Colleague: 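Let me give you the structure first, and then I'll get to my questions.
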Protein chains: 2
Amino acid sequence: MKSGMPAPDGIQPARRATIREVADAAGVSRSTASRALTGRGYVAPPVRDRVREIARGLGYVPDATARHLRQQASQSIGVLVSDLSNPFYAGLAAGISQQARKRQYTMMLADDGGSPEVEVEAAEAFVALRVAGVIVTPVSAEVSTYLARQQIPVVEVDRQFSVGVCDAVVVDNENAARRVIHQLLDLGHRRIALVIDEMHWTTGRDRLAGYRGAFAAAGVPLDDSLVVTAGWDVDAARIEAHKLLSRAEPPTAIFAANNVLAEAVWRAAAELNMPIPERLSLVSFDDVSWMSLVRPGVTAVAQDPVALGEAAISQLFERIQSPHAPVRTVLLSATVAARGSTAPPPA
Amino acid sequence: MKSGMPAPDGIQPARRATIREVADAAGVSRSTASRALTGRGYVAPPVRDRVREIARGLGYVPDATARHLRQQASQSIGVLVSDLSNPFYAGLAAGISQQARKRQYTMMLADDGGSPEVEVEAAEAFVALRVAGVIVTPVSAEVSTYLARQQIPVVEVDRQFSVGVCDAVVVDNENAARRVIHQLLDLGHRRIALVIDEMHWTTGRDRLAGYRGAFAAAGVPLDDSLVVTAGWDVDAARIEAHKLLSRAEPPTAIFAANNVLAEAVWRAAAELNMPIPERLSLVSFDDVSWMSLVRPGVTAVAQDPVALGEAAISQLFERIQSPHAPVRTVLLSATVAARGSTAPPPA
DNA sequence: GCCTTGTGTGGGATCGATCCCAGACAGAGC
DNA sequence: GCTCTGTCTGGGATCGATCCCACACAAGGC
């Protein structure tokens, strides 16, 4: 009753072909068929060709699930980002996907929406699938330590939570921030606001440090009320920016710590009919496509997300190859895309 | 020699715990442990609790690979898009990811870069992984027929190549295009150009049909030289748009068939110092965030990509549940986000 | 003729979890 | 005391592919 049952849908075989069926059809054993198809071990060339021919004819596709179970190694990696709708994370994923494909790996992708709970849940799913490694833009320290404890190679990208526990690929936030603030100071700005999402993660901390450092280096006193925490949501941030720009003494320049915040500031300035750069200079950390489409273009720190993704995955593969090599943090530098959104402060 | 070996790294166990180890530690058989952990079948409550406790203590995570092999059913779906860097596809993936997570499914994501070969390759990888289903924005008819032949549920999104072979979720391209062209005609435009990527896929074909239909309905003759095929690349399209706008008799309005082409037209108009909407009206199919950031805002057909993704995945799950239900095409309507990029043609 | 080497093939165990089935045991009913 | 039912547990087979090992056979060296 097991074999020989009629296919329920007419022509098509009900089940997918297995290597056993390929072997039987070719008149060889499963072992020989396996060798013929994988190319590992001895097989007489004519036998090899015949087996491959038959496999093709049957539409045989080896079951990666079974193979991975036996080999105790999978050909897929997990990727965990905060928000796919954000072009920065989308670009990151795109870069990783490209490189993964080139190395014959498949990519499991999860979007944690910035929630630490969801992030750990997704990491557990990756462990269950026994992925070869994980790339994560962490929102808590737990993910990486959890994955490391489960012996799964991890690379933190963009932000770094678990220094010393796993590899990381980040951009030189402090340096880039210092450079753009320095430029604004050079233009004559003194009331330069920093609109930021938070200040504890490496991204926020280092961008803030760069901001502070530039003031210190120039010997310019710093007004702490100009550092505004505006959260992650465009609308909430827009309201914060609106308040900031409506102050009695508004800033003459704003440094937005990421593309979402830059969008919020841009919208708030438009609402208040505050011309950029005449009344307000704007610089963004993170260059996304709209910044070169608007007039004036927005000067931005450009951290190529695709390159970041590629660096992360190549670091991940190095880690997979040599699990006991010392932990490493790769620091990428960022460039400044100068556009028209900065000018000397209004007189 | 097999067990009892010292852990190579000191404290940590070298290998991940298996259900066998959990069972041994709890003093029960694997079967009982399995029942305790999955909740299927009889287990005495105290035993169940003890097993679960021990599993937690050992950091046991069941091997999804082994489970799927045994159950012949996986808890992951494959998603295949053309370009993750494009916010439309990114939004689609985001919507799918959200819903997949809610249903405890993991998502395998591949970016085929618009290449049919890569697309089929990726589909094969999905078959190898025995995914429960696939969602694809197809670039050829092969993918869907291949997957259907492999008995894997498929849903085509955005574009439809295999009518009758598999389910699809698409927007009402023709209607939406007709509506916006109708509005341009109403404003008095007669030389309305259509800048499009290609005209054979359902998206291109239907948007073109809507364009033509609006002219026909209004009894306005149509100049075929105003239908411009501009490819997929922003830069190439920008050059085409540049040529189009430099003609002796340039169009007074342009309908860009997607967000990339709209960006190209926008840039070309800026290069030529052609003010929008005074000298040129612009409408885009596909509303992305920059269109509401620029001045004037770009009027666009808004096809919510996240909703599209959600519709696709719910269709996929219906198909997985009832594999023999008749094939279905879900048609979503699109809205028009009216902004400032349209006006009557220059006198 | 015997041993060695190289080439080629097949049997069976294995990966980890699940699931069918047999069977143990307690309590109830007669 | 016996059967019957329901509760609970364990043994072994199973999913599909891989891989170790044994073995068969031919050619070559002594």
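Here the structure is a predicted model, which is why all the values come from computation and not from measurement. To find a chain, count down the sequence lines: A is the first, B the second, and so on, and within it residues start at 1.
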Colleague: Fit a plane to each ring of B:F161 and B:W201, take the angle between them on a 0 to 90° scale, and name the class: parallel (under 30°), tilted (30 to 60°) or perpendicular (over 60°).
Modeller: perpendicular
Colleague: Under 4.0 Å between a side-chain N/O of A:Q71 and OP1 or OP2 of D:dC19, yes or no?
Modeller: yes
Colleague: Look at the side chain of B:R70 and the base of D:dG16, then say whether one donor and one acceptor between them are separated by less than 3.5 Å.
Modeller: no
Colleague: Please determine, for the side chain of A:R30, which listed nucleotide (C:dG12, C:dT7, C:dC20) has the closest atom?
Modeller: C:dG12
Colleague: Return yes if some donor-acceptor pair links the side-chain N/O of B:T202 with the main-chain N/O of B:Q160 below 3.5 Å, else return no.
Modeller: yes
Colleague: Rounded to the nearest Å, what distance is computed from the NE2 atom of residue B:H68 to the C1' atom of nucleotide D:dT14?
Modeller: 17 Å
Colleague: Backbone N or O of A:T203 within a donor-acceptor pair of the A:R159 side chain at under 3.5 Å?
Modeller: no
Colleague: Which of the following nucleotides, C:dT9, D:dG16, D:dC19, is nearest to the side chain of A:V43?
Modeller: C:dT9
Colleague: Are any of the side-chain nitrogens in B:E53 or B:R50 under 4.0 Å away from the carboxylate oxygens of its partner?
Modeller: no
Colleague: For a quick check of understanding: with a heavy-atom distance under 4.0 Å over all strands, which category does A:R35 fall into, base, sugar-phosphate or nothing?
Modeller: base
Colleague: Side chain of B:Y60, heavy atoms from C-beta onward: which of D:dC19, D:dA17, C:dA17 has the nearest atom to it?
Modeller: C:dA17
Colleague: Figure out the CG/C1' separation between B:L69 and C:dC19, and round it to whole Å.
Modeller: 14 Å
Colleague: Rounded to whole Å, please give me the gap between CD in B:Q72 and C1' in C:dG16.
Modeller: 14 Å
Colleague: Of the nucleotides C:dG12, D:dT7, C:dA17, which one has an atom closest to the side chain of B:R67?
Modeller: C:dA17
Colleague: Quick check for you: among C:dT9, C:dG16, C:dC19, whose closest atom lies nearest to any side-chain atom of B:S31?
Modeller: C:dC19
Colleague: Quiz question: going by heavy-atom distance under 3.5 Å, is there a donor-acceptor pair between the base of D:dG16 and the side chain of B:R130?
Modeller: no
Colleague: Looking at C:dG8, D:dA17, C:dG16, which one has an atom nearest to any side-chain atom of A:A44?
Modeller: C:dG8
Colleague: To the nearest Å, give me how far apart CZ (B:R20) and P (C:dG16) are.
Modeller: 11 Å
Colleague: Looking at A:D111 and B:S97, would you say the former's side chain and the latter's main chain have a donor-acceptor pair under 3.5 Å?
Modeller: no
Colleague: Counting any heavy atom closer than 4.0 Å, what does B:T38 reach on the DNA or RNA strands: base, sugar-phosphate only, or nothing?
Modeller: sugar-phosphate
Colleague: Between D:dC8, D:dG10, C:dG16, spot the one nearest the side chain of B:T32, thanks.
Modeller: D:dG10
Colleague: Where the side chain of A:S34 is concerned, which of C:dG11, D:dT18, D:dG11 is the nearest nucleotide?
Modeller: D:dT18
Colleague: From the options C:dA17, C:dG16, D:dC19, select the nucleotide whose nearest atom is closest to the side chain of B:I19.
Modeller: C:dA17
